[in-house]
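As structure tokens, the structure follows; a few thoughts come after it.
All heavy atoms count here, side chains included; hydrogens, waters and symmetry mates do not. The chains referred to below are lettered A, B, ... by the order of the sequence lines, with proteins before strands, and numbering in each begins at 1.
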Number of protein chains: 4
Amino acid sequence: MLARMSSTPTFKRLPRAVREQQMLDAAVKVFSRRGYHAASMDEIAEDAGISKPMVYAYLGTKETLFIACLHREGTRMMEAIVGAVSAELPPDEQLRRGLRAFFGFVGAHRDGWTVLYRQARSEQPFAGELADMRTRVVEVVATLLRRNLPVPAEGSREVRETDLEVMAYALVGATESLADWLSDHPSEDPERLATRLMNATWPWHPPSK
Amino acid sequence: MLARMSSTPTFKRLPRAVREQQMLDAAVKVFSRRGYHAASMDEIAEDAGISKPMVYAYLGTKETLFIACLHREGTRMMEAIVGAVSAELPPDEQLRRGLRAFFGFVGAHRDGWTVLYRQARSEQPFAGELADMRTRVVEVVATLLRRNLPVPAEGSREVRETDLEVMAYALVGATESLADWLSDHPSEDPERLATRLMNATWPWHPPSK
Amino acid sequence: MLARMSSTPTFKRLPRAVREQQMLDAAVKVFSRRGYHAASMDEIAEDAGISKPMVYAYLGTKETLFIACLHREGTRMMEAIVGAVSAELPPDEQLRRGLRAFFGFVGAHRDGWTVLYRQARSEQPFAGELADMRTRVVEVVATLLRRNLPVPAEGSREVRETDLEVMAYALVGATESLADWLSDHPSEDPERLATRLMNATWPWHPPSK
Amino acid sequence: MLARMSSTPTFKRLPRAVREQQMLDAAVKVFSRRGYHAASMDEIAEDAGISKPMVYAYLGTKETLFIACLHREGTRMMEAIVGAVSAELPPDEQLRRGLRAFFGFVGAHRDGWTVLYRQARSEQPFAGELADMRTRVVEVVATLLRRNLPVPAEGSREVRETDLEVMAYALVGATESLADWLSDHPSEDPERLATRLMNATWPWHPPSK
DNA sequence: GATGAATGAGCGTTCATTCAT
DNA sequence: CATGAATGAACGCTCATTCAT
């Protein structure tokens with residue numbers, strides 16, 4: 001029904017949403033490969049099979065383009081994790097599954113999220129954007145941790161809120177670091193890595209798997 | 001105040017070694033503030049109170065200049081840590097003091113090492129340099145960890161080498177992450193942070209301080 | 001005079017091919033006037049009435065730009081000579097006409113080929129390019145010379161191949177030198193110069209013209 | 001009397017003339033190897049084992065330094081040729097010996113005169129200097145040629161002065177060209193080359209050697 | 001809607017040249 | 001006499017960004 005009968009192959013003009021995804025694909029690829037500054041709009045446009053002014057028309061400047069990449073990839077990662085964690089599970093199982101999902105995602109998108117994230121962290125203009133994302137992650141993790149602590153033995157020192165935040169930060173940092181480790185050990189299994197981290201950090205839980 | 005207006009005009013024809021340090025100071029400052037790419041050799045030279053050709057004459061290109069910064073700051077950090085850890089101390093005390101020294105150093109040089117390190121991680125040309133430093137740190141930490149594990153209860157599962165490496169990586173990542181957290185919470189005490197991390201990660205040890 | 005004030009403003013958004021020629025014109029002019037090193041890309045761009053990035057976009061770096069100049073001018077010269085020489089003519093007439101065409105070309109493009117050629121000879125990066133052109137010319141000349149020798153009298157010493165190559169080189173060198181002489185004597189007639197060289201070098205042929 | 005009795009080895013300070021020759025040696029070497037523009041005063045000073053300000057104190061700017069090189073090498077070449085030619089010899093023998101001496105000199109100083117000369121020809125600032133040298137050479141050659149022509153047969157066309165100048169230029173150009181050819185054929189004997197050029201250009205003379 | 005043509009601005013780098021010691 | 005220290009001035013090159021078609 002959309003089929004025009006005109007002589008020229010009218011379907012070349014893709015709808016806007018599709019074009020935007022193509023551009024973001026190309027941008028993620030190039031930003032990851034070259035780094036934010038070394039990436040050139042020319043290469044991104046060429047890789048997307050589109051002319052440069054189109055990129056500007058759809059996604060704005062280089063900076064907004066990068067932010068768009070960041071959001072898309074960040075959201076995808078979040079969804080992967082959230083999709084793996086059900087609120088009905090016991091807290092430690094939530095943690096375990098969340099870690100698995102994260103390592104799995106990073107392993108499957110080796111040139112995506114991790115690299116963009118690292119780029120963003122080192123460039124001032126994106127500090128704000130990143131702080132937001134990170135905060136959201138830390139909050140989720142902190143919540144999980146709170147429900148996941150060993151029952152404080154008798155009157156021993158109790159864990160306070162700031163400690164929780166510190167632990168959450170530490171866990172996130174540890175996880176990022178292991179994501180890098182994973183990059184250097186491609187033969188390792190993301191699943192096993194999640195288990196290892198769990199066992200190492202919460203030795204009071206029964207080993208999983 | 002004291003002895004201002006000294007005998008020489010103090011502002012010109014300084015010996016090479018002095019100028020090199022001035023340049024490195026300026027470079028560290030500008031690289032931290034702007035990021036590697038956004039930093040301009042002009043600004044670095046101006047900040048060092050010297051003309052650009054001098055920078056090139058003494059420290060070479062922008063890339064070698066950055067590496068020189070990295071080495072100087074990295075070495076300073078390493079020395080701060082090594083100076084705080086004595087081999088005679090029990091392993092867990094070594095770890096504790098090493099962490100304290102690290103956080104203390106990061107806290108005292110807020111715009112130095114951490115930022116440079118982050119920069120370097122996100123630029124390919126410096127990946128190699130950094131990987132070396134990181135590997136050395138991980139090895140040291142892994143050694144400490146090996147001597148620092150809880151005595152494996154009877155026949156329970158034993159910790160293998162790979163687990164150790166993973167733990168070391170995790171600990172280093174957690175520490176780096178907390179170094180960032182420290183940058184965002186300038187009012188926090190580096191000493192306390194080290195304690196918190198120890199308590200959170202090795203709850204089976206008696207709390208320190 | 002004729003059809004000035006044509007329909008289009010004439011000064012912007014020209015198609016690539018046109019702009020490339022404008023750039024090459026400007027480049028030849030500036031390279032000739034200043035020499036390869038002293039010529040600045042700024043001046044070339046300005047002279048072409050275009051911004052510098054366009055020059056880089058179309059013709060590449062300074063080196064490739066110079067080579068492009070060399071090729072264009074060299075090709076034009078070759079065509080001028082080839083167009084003047086018919087294979088049906090007797091060999092000595094071919095030589096005579098070739099010389100005339102060469103001197104005519106040099107005389108008509110005083111600041112073009114000769115100067116570029118001299119520049120190229122003195123810069124290592126272009127040694128290869130030029131050696132090729134020169135070799136081709138020498139081969140052609142050697143062939144002509146071979147067919148153009150006086151019939152060796154009875155048993156007199158015969159001319160060997162190496163001698164031919166040497167003669168060809170000598171003739172080409174002599175011709176180049178005279179092209180310079182022509183630059184210093186603008187009032188001289190290129191036609192007469194060719195005749196003079198012929199008469200001086202092959203006195204056994206009947207004088208032409 | 002100049003001998004100071006001081007404690008330091010006073011004789012390290014070489015007399016000015018010696019130092020100048022060292023500098024010129026270095027300059028000739030570097031100019032030949034790199035070309036006029038690519039040669040740096042730094043490299044020349046270093047190669048001469050002397051500091052840069054000394055070079056400026058003794059030989060002035062880069063331009064005057066190059067001219068000094070040109071003069072020294074040009075004079076050496078002239079002396080080599082003049083030393084080989086005696087006014088008592090028959091004209092054609094003078095020519096023959098002059099060519100031999102020239103090719104011999106060029107062959108022995110492969111990186112000296114020829115390269116400097118070529119450099120100078122392609123840079124405006126040295127046009128004047130070179131024109132002078134060349135004129136002197138051409139005049140000598142023209143004189144030799146005048147005495148060296150075949151006795152004009154009966155009433156045939158006579159050779160005029162301009163023809164002589166043209167011939168001299170042609171011969172000089174041919175010779176330069178063959179000097180290049182010699183560079184590409186290091187196994188060839190400069191002596192034989194002189195003979196070949198003579199035989200080719202003045203076939204009416206009895207072959208020499 | 002889509003693009004080839006075009007540029008302002010800036011950066012890393014080098015070099016001839018000169019003080020101050 | 002001799003030099004290490006220092007710089008002004010350019011230059012080649014690139015890039016994000018925008019017109020005009």
Please determine whether the number of non-hydrogen atoms from other residues, nucleotides or ligands lying under 6.0 Å from atom CZ of A:Arg33 exceeds 12. no
Separation of A:Leu59 atom CG from F:dT17 atom P, in whole Å? 12 Å
Rounded to the Å, how far apart are B:Glu46 CD and F:dT7 C1'? 14 Å
Taken to the nearest whole Å, CZ/B:Arg34 to C1'/E:dC11 is 14 Å
Would you mind pulling out the nucleotide paired to F:dA20, Watson-Crick or G-U wobble, both distances under 3.5 Å? E:dT3
State whether D:Arg19 places a side-chain N or O below 4.0 Å from either non-bridging phosphate oxygen (OP1 or OP2) of F:dC1. no
Can you name the nearest heavy-atom pair linking B:Phe126 to B:Ala120, along with the distance? CB-O, 3.9 Å
For residues D:Leu24 and D:Ala68, report the shortest heavy-atom separation together with the two atoms involved. CD2-CB, 3.8 Å
More than 12 non-hydrogen atoms from neighbouring residues, nucleotides or ligands closer than 6.0 Å to CZ on B:Arg34, yes or no? no
Which word best sums up how the rings of A:Phe31 and A:Tyr36 line up, parallel for under 30°, tilted for 30 to 60°, or perpendicular for over 60°? parallel
Using whole Å, report how far CD of D:Glu20 lies from P of F:dC1. 12 Å
Write down the distance between CE (B:Met54) and P (E:dG12), rounded to a whole number of angstrom. 18 Å
Return the value, rounded to whole Å, for the distance between atom CG of A:Leu65 and atom P of F:dC15. 16 Å
Measure the distance from CD1 on C:Ile50 to C1' on E:dT7 and round it to the nearest whole Å. 10 Å
May I have the step-by-step check of side chain to side chain contact (heavy atoms under 4.5 Å, CB included) for C:Arg118 and C:Arg121, ending in yes or no? CA-CA 5 Å; C:Arg118 202 139 64 198; C:Arg121 291 222 66 183; 5.8 Å; no
Within the supplied structure, the quantity of interest is the number of heavy atoms (other residues, nucleotides, ligands) at a distance under 6.0 Å from C:Gln21 CD; does it exceed 12? yes
On the nucleotide E:dG1, are OP1 or OP2 found under 4.0 Å from the side-chain N or O atoms that A:Tyr58 carries? no
Find the partner of E:dG8: check Watson-Crick (N1-N3 plus N6-O4 or O6-N4) and G-U wobble (N1-O2, O6-N3) distances, both under 3.5 Å, and reply none if neither fits. F:dC15
Close N or O pairs between protein and nucleotides 9-13 of chain F (under 3.5 Å):
unit_1, atom_1, unit_2, atom_2, d
F:dG12, OP1, C:Ala39, O, 3.1
F:dG12, OP1, C:Lys62, NZ, 2.7
F:dG12, OP2, C:Met41, N, 2.9
F:dC13, OP2, C:Tyr56, OH, 3.0
F:dC13, OP2, C:Lys62, N, 2.9
F:dC13, N4, C:Lys52, NZ, 2.1

